[in-house]
Undergrad: 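Have a look at this one.
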Amino acid sequence: MNSSQVLNTILIVAGGALLMYAISVENASPYIKIAGLVIIMFGLYRATNFWVATKDDHKENDEK
C-alpha cells in the first residue's frame, strides 16, 4: 500500500473518530465537529486526487 493511501485513510478515520466523539458527548464543542468534518473532507479530497492520477496505470502495464 502506498504511503499516500495510508495517510488518506488515517485522515478519514481520524476525522470520523472526532465526529463520532462529538456526536456521542452531550456538551461537545462545535469546533470539534467542524474539525472532524474538515479532516474527513481533506482526506477524501486527497484520496480522490490520488485515484484520478492513478486510474489509467493498469493500461500502461497492459501495453508493455
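Positions are given from 1, in the same order as the sequence printed here. Small disclaimer: the values here were computed from a predicted structure and weren't measured.
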Undergrad: Under a 4.5 Å side-chain heavy-atom rule over Ile, Leu, Val, Met, Phe, Trp and Tyr, are Leu19 and Met41 clustered together?
TA: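 Yes, one cluster joins them.
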Undergrad: Scan the side chains in residues 21-39 for donor-acceptor partners under 3.5 Å anywhere in the protein, sequence neighbours excluded, and list what turns up.
TA:
residue	atom	partner	partner atom	Å
Ser24	OG	Met20	O	3.1
Ser24	OG	Tyr21	O	3.1
Ser29	OG	Tyr31	N	3.2

Undergrad: Which Ile, Leu, Val, Met, Phe, Trp or Tyr residues join Val52 in one cluster when any pair of side-chain heavy atoms under 4.5 Å counts as a link?
TA: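 Same cluster as Val52: nobody, lone residue.
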Undergrad: Kindly state each residue pair satisfying side chain to side chain donor-acceptor pair (under 3.5 Å) with at least one member in residues 34-51, sequence neighbours excluded.
TA: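 Counting only pairs at least two positions apart or across chains, the side chain to side chain donor-acceptor pair (under 3.5 Å) contacts touching residues 34-51 are Asn8-Arg46, Tyr45-Asn49.
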